[in-house]
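Each remark here refers to the structure printed beneath this line.
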Amino acid sequence: MAEGKKAKLGGACDAVIIGAGNGGLAAALALAVRGAKPLVLEQHNAPGGFATSFVRGRFEFEAALHELSSIGPENNKGGVRRFLEDEGGVDIDWVPIPEAYRVILTDSGMDARLPFGEAPFIDAIEEKVPGSREPLTRYFALCREVSGALGLLAKTASNPSPKRIMKDLKKFVAESADPFDDARRNASNVVTFLRTLPKTVDEVTLKMGIPPKAVDLLYPYWCYLGIPMSRMNFTIWAAMLIDYIDYGAWIPRLRSQEMSYAIEARVRELGGRVEYNTRVDRVLVERGRVKGVVTASGETIKTSAVIANTSPTQLYGSLVSPASEAPAAALRNVNSRKLGGAGFVVYLGLDASPVELGVNDYGYFISKTMNTDAVYGSMEKLDLVDMQATICLNNAIPDCSPPGTTIISMTTLYKPGVWDAVKPKEYAALKNRLADAMISQFDDALGTDIRSRVEEIEVATPATFARYARSFNGGIYGYELDPWDSIIPRILSEKDESYIKGLEVAGGFATMGHGFSSSLISGRSAGLKTLAGLGG
Amino acid sequence: MSELINFDGLKDMAALLELLPERKKRMKKASAEPQTGDAMAALARALHPELQRLVIADVRQEAAGARVFRLVSDMESGTAAPAVFRAGQYLSLKIDISGVRVARPYSISSSPADAADGGFYEITIRKKDGGFLSEHAWKEWRVGTKIEASGPAGFFCVEPLRDARHIVGLAGGSGITPFRSMLKDIVETGADVKFTLLYGVNRPDEIMFKSDLEAFAAQAPDRINVHFVCCEPDAAWCGPTGFLTADSIRKLAGDPAGKSFFICGPQAMYSFLETELKQFELPKRRVRREVFGETADVSAHPDYPTDAAGKSFSMTVHCGSETTVIPANSSESALVALERAGIAPPSECRSGECGFCASILMNGKVFVIPETDRRRLAAKKFDVFHPCSSYPVTDIEVKVPLDKS
Ligand SMILES: Cc1cc2nc3c(=O)[nH]c(=O)nc-3n(C[C@H](O)[C@H](O)[C@H](O)COP(=O)(O)OP(=O)(O)OC[C@H]3O[C@@H](n4cnc5c(N)ncnc54)[C@H](O)[C@@H]3O)c2cc1C
Ligand SMILES: Cc1cc2nc3c(=O)[nH]c(=O)nc-3n(C[C@H](O)[C@H](O)[C@H](O)COP(=O)(O)OP(=O)(O)OC[C@H]3O[C@@H](n4cnc5c(N)ncnc54)[C@H](O)[C@@H]3O)c2cc1C
Ligand code: FES
């Protein structure tokens, strides 16, 4: 090829962002709206990371998103919507999800449809399991307090002393204008928060006198957190539950790809740059300070600020260069943490309408039982997992596929190592066997026959997520949120665990944990920290 | 709520503090070995290498002026073995022809078993007069020529969870190539499907892989049936004649109900068969067609803005930090214009399907054939277009991605 024809990235920028996933895009947006000029380098050919879609035949499949929290309606916007719309000027057509979920437990035959909103949600459980109302009402009040306090803590400076936390929490309680005020003005509420902080979900929930069958109906969102309730930190759970039940859940009309393209377009409009097909292979570090990045094609871009939309495991394990600049403490940090679940999704385009198929709900949690330890255990084998979280997009967006057709996607999780020994030769047959079993799992639970109406099928595995989003070992759920590695201890340790100057992490592996909202919020905060470092 | 609360604040604080000491303790205990890679990244790379460095190990003449090129991995350049593929997939070959880097998709005509364990791929190229790459291949490619290829790509594969147990393949011209791979695969794996192949040709001497196809049918007589259908038979021809029509398909493959149809052939054959197959009233899920590459004559499309035909426009191209202005013929895709100018954005399918060439249309208009517009909805909303399947109808300004390599 002609010499000198090869286009280069070149150009000046204030910060390099590695990856255009939710975290990277949010970081770029936070910087760009404040006048900084970020350069986003993305290895794939479209923005979004997991927040993407793909077309097969006459169907466009959502790759990941079931539902986004913290969006809320126009008149009661959640934090993420405020960030994107009000602060970022990003326009997205948000569509509400009609109901919280339908849960089907195949061992016990339990089948319930739960709506959003605390009162209707509790009513629905009470109807299935009489005697649940009173303990659930108390439970929600408790969750509400904890969730409010978490929001506050996220705003305090890093590494506050316990004394400082107490002070902040008391102030929060005193200033709160929440309907729960009377309860909150009691200093005991601060204690409630602190008391539940080191606890797992089971430790708190199972002591509240909620009938076990009602707990089964309450727990399905555990799928979004991906570790059993016996280890899941209660604080995070409470915050997530309240967020979904209060604000409802939302999706962009044109799949999550609408959100990623919208943010990307806005970043470019504000003077940022986004380059695709550009993988970063090295982050140059000298004496503990970021100096630049090197792309796969060998181009060096000098910068004093890098935001990595990758896992810290990859960042310190293979990106930081020279390797001797990866501090032992950083390596110990990432090695001590447990990688969350790896994804497995079956996408189906069906040539019958949802009504014809008898698939009338948007979100399904289909599980053998709600014994989350047992279900989690089933993720350790290369076999059908006991649980699938399934959505039927048409039941939120009726015209998302041509008339008389339906889009369904079924998601489950594997422990990442489970796929390690899979050989390329066996790969296609393995995908097929597992997808086959998941289709039966769905048809058996609902009494439907989607199997015979498949017009398009695609299956994503941990290797697919590693390929398109470079997620570490196919992990889609960041690091597991054990109590010691849940969000509070992460926030409290941020300063201690910041190892390289000018280097921030954004996305599902950052402080706020995985999920669309969390990765967007963590991106925003990485952007703000970077801006502070730039002296802006 | 107070009944829930243990007022022992001190104890609670202590508990909070225990989380941090525990965190510190765990981190101290952990290994300081860097994790330099992971198994899923390795599996993804093995399945979908960005680039395969191959070398021609054999060249064979086939009927109809086609050549079969056998490609093995070029160990010297670091490709250890050809990547696993599924019968029906293609490779995008990346070739430098006198300073112009182009890419062309070619279906793999050999079987997955042939490629296994450091084996080979075969691609079969039919000579096209005036064809840019095919003429180059005829002139330059011999044993030892190094060829760069994408990983295996494409979706023209039999999928047991979707397709009927009985598949009818309708092939035309060089569209036989993926079917050769599929039939060989069925023989070699003993797959539980029935496959009836109808191969339409103009003249008897155009039948490619005749003896191979007959051998596959002989090796699996209960599963594979092959029929050659000839338009312009000679005196010696004793098989069915004419086009592949609804009638001949029904005669040779039986009742179409409950069968899956796979079609691969020239563009004209698709349009013809589309009308023919309508008579069968098959659900859409029962008919699959391979993409056919760049459109031969875009101005023939009924929606094409006629005043743009035969014109040359200017195209302002932003790529990385560079900006160039190049000419673009309205009859050629924007991708071809870019390649002619020595700008080689990534491409694989050249049919609008894979999204590899996705670019931003900043100004001006392009014509996209609605039937093959496979862009995402959000891509359309945000002016993303696929140059391989878009034809300029005004001067345009675009931002194209850098080539990865
Ligand atoms: C199937 C599935 C279902 C899910 N469902 C939900 C849901 O319903 N609700 C919810 O809230 N969350 C859900 N999640 C989780 C959510 O998608 C993720 O937590 C979130 O999208 C993670 O975003 P991220 O910022 O970490 O970026 P990622 O999506 O991981 O993106 C990282 C980006 O960086 C790029 N990149 C990485 N390394 C490099 C490099 N070296 N050079 C250049 N580019 C690089 C990648 O290509 C990628 O684009 C789901 C995830 C999956 C997979
Ligand atoms: C999925 C798929 C599988 C296929 N499998 C096969 C197969 O198995 N066997 C087979 O024979 N074919 C196959 N094809 C077709 C194949 O990809 C080529 O299109 C065909 O071989 C013609 O290529 P060519 O370069 O020789 O011809 P051309 O028609 O010259 O190439 C196409 C374009 O190149 C442009 N061009 C001309 N000059 C230049 C220049 N100087 N710089 C840049 N561009 C220029 C032309 O304008 C034209 O639009 C397949 C196509 C697809 C989509
Ligand atoms: S090369 Fe596949 S869409 Fe353009």
Side chain, backbone, both or neither of A:Phe472 within contact of chain B (heavy atoms, under 4.5 Å): both

With a 4.5 angstrom heavy-atom cut-off, which part of B:Arg45 approaches chain A: side chain, backbone, both or neither? neither

Which pair of heavy atoms, one from A:Asn45 and one from B:Ala358, lies closest together, and at what distance? O-CB, 4.2 Å

Side chain, backbone, both or neither: which part of A:Arg470 has an atom under 4.5 Å from a heavy atom of chain B? neither

In Å and rounded to the nearest 0.5 Å, what is the NZ to CZ distance from B:Lys399 to A:Arg268? 7.5 Å

Report which part of B:Leu47 has an atom under 4.5 Å of a heavy atom belonging to chain A: side chain, backbone, both, or neither. side chain

Side chain from CB out, backbone as N, CA, C, O: work out which of these in A:Val320 comes under 4.5 Å of a heavy atom of chain B, or both, or neither. neither

Check whether B:Ile360 gets within reach of chain A through its side chain, its backbone, both or neither, counting any heavy atom under 4.5 Å. side chain

Segment of B:Arg86 engaging chain A (4.5 angstrom heavy-atom cut-off): side chain

For chain A, the option from B:Lys24, B:Arg286, B:Arg288 that forms the most heavy-atom pairs under 4.5 Å: B:Arg288

Output, in order, the C-alpha distance, side-chain angles, deciding distance and verdict of side-chain contact (heavy atoms from CB on, under 4.5 Å) for B:Phe382 and A:Glu264. CA-CA 9 Å; B:Phe382 292 99; A:Glu264 187 251 22; 5.9 Å; no

Please tell me if the side chains of B:Phe155 and A:Glu456 come closer than 4.5 Å, counting only heavy atoms from C-beta onward. no

Name the region of B:Lys284, side chain, backbone, both or neither, that has any atom closer than 4.5 Å to a heavy atom of chain A. both

Name the region of A:Ala428, side chain, backbone, both or neither, that has any atom closer than 4.5 Å to a heavy atom of chain B. side chain

So which part of A:Asp420 gets closer than 4.5 Å to some heavy atom of chain B, the side chain, the backbone, both or neither? both

Side chains of B:Pro160 and A:Asn432 in contact at under 4.5 Å (non-hydrogen atoms): yes

Rounded to the nearest 0.5 Å, what separates atom CG in A:Asp496 from atom CG in B:Leu20? 8.5 Å

Measuring heavy-atom distances to chain A, does B:Lys28 have an atom under 4.5 Å in its side chain, in its backbone, in both, or in neither? backbone

Contacting moiety of B:Ala379, where chain A heavy atoms sit under 4.5 Å: both

What heavy-atom pair brings B:Ser321 and A:Arg273 nearest, and what distance separates the two atoms? N-NH2, 4.3 Å

On a heavy-atom basis, the closest approach of A:Arg451 and B:Leu161 is NH1-CD2, 3.8 Å

For A:Thr52, which atoms come within 4.5 Å of any heavy atom of chain B: side chain, backbone, both, or neither? side chain

What closest approach, in Å, do B:Ser31 and A:Asn335 show between heavy atoms, and which atom pair accounts for it? O-ND2, 2.8 Å

Just so I understand: if I count every heavy-atom pair under 4.5 Å between each of A:Asn473, A:Thr405, A:Thr313 and chain B, which residue has the most? A:Asn473

What is the minimum heavy-atom distance between A:Ala463 and B:Leu43, and which atoms define it? CB-CD2, 3.8 Å

Can you confirm whether B:Met40 sits close enough to A:Thr464 that some side-chain heavy atom of one is under 4.5 Å from a side-chain heavy atom of the other? no

B:Arg26 vs A:Asp485, test: salt bridge (charged side-chain N to carboxylate O under 4.0 Å, His left out). Steps then yes/no. CA-CA 10 Å; B:Arg26 282 176 182 262; A:Asp485 195 18; over 6 Å; no

What's the shortest heavy-atom distance between B:Arg23 and A:Trp484, and which atoms? NH1-O, 3.2 Å

Quick check on the interface: out of A:Gly474, A:Ala328, A:Ser53, A:Pro462, who has the most heavy-atom pairs with chain B under 4.5 Å? A:Ser53

Quick check on B:Glu50 against chain A: is it the side chain, the backbone, both or neither that has a heavy atom closer than 4.5 Å? side chain

For a side-chain contact (heavy atoms from CB on, under 4.5 Å) check, start with the C-alpha distance between B:Val84 and A:Tyr427, then their side-chain angles and the critical distance, and finish with the verdict. CA-CA 9 Å; B:Val84 168; A:Tyr427 180 76; over 6 Å; no

Side chain to side chain, A:Arg56 and B:Arg374, heavy atoms closer than 4.5 Å: no

Mind checking the CG-NZ spacing from A:Asp93 to B:Lys381? Nearest 0.5 Å is all I need. 6.0 Å

What part of A:Ala323 is in contact with chain B, defined as an atom under 4.5 angstrom from a non-hydrogen atom: side chain, backbone, both or neither? neither

Nearest 0.5 Å please: distance from the CG atom of B:Leu377 over to the OH atom of A:Tyr261. 11.5 Å

If you count heavy-atom pairs under 4.5 Å between each of B:Gly355, B:Pro401, B:Ala46 and chain A, which one has the most? B:Gly355

Between B:Glu159 and chain A, which part of the residue has a heavy atom less than 4.5 Å away: side chain, backbone, both or neither? side chain

Decide yes or no on side-chain contact (heavy atoms from CB on, under 4.5 Å) for B:Glu33 and A:Leu331, but give the supporting numbers first. CA-CA 7 Å; B:Glu33 268 311 297; A:Leu331 294 167; over 6 Å; no

So, the part of B:Phe356 with a heavy atom under 4.5 Å from chain A: the answer is both

Starting at CD of B:Glu22, measure out to OG of A:Ser336 and round the result to the nearest 0.5 Å. 10.5 Å

Part of B:Asp117 within contact of chain A (heavy atom distance under 4.5 Å): side chain

Contact winner vs chain B - A:Ala265, A:Ala262, A:Ala435, heavy-atom pairs under 4.5 Å: A:Ala262

Who among A:Ile439, A:Ile457, A:Thr278, A:Thr295 has the most heavy-atom pairs with chain B under 4.5 Å? A:Ile457

Is chain B contacted by the side chain of A:Arg253, its backbone, both, or neither, given a heavy-atom distance below 4.5 Å? neither

Heavy-atom neighbours of B:Lys380 NZ exceed 12 at 6.0 Å: yes

Which bit of A:Val274 comes within less than 4.5 Å of chain B, counting heavy atoms only: side chain, backbone, both or neither? backbone

Would you mind checking which part of A:Glu258 comes under 4.5 Å of any heavy atom in chain B, side chain (CB onward), backbone (N, CA, C, O), both or neither? both

Nearest 0.5 Å, please: how far is CD in A:Glu60 from CZ in B:Arg376? 7.0 Å

Should the pair B:Arg162-A:Glu458 be classified as a salt bridge under the 4.0 Å nitrogen-to-oxygen rule? no

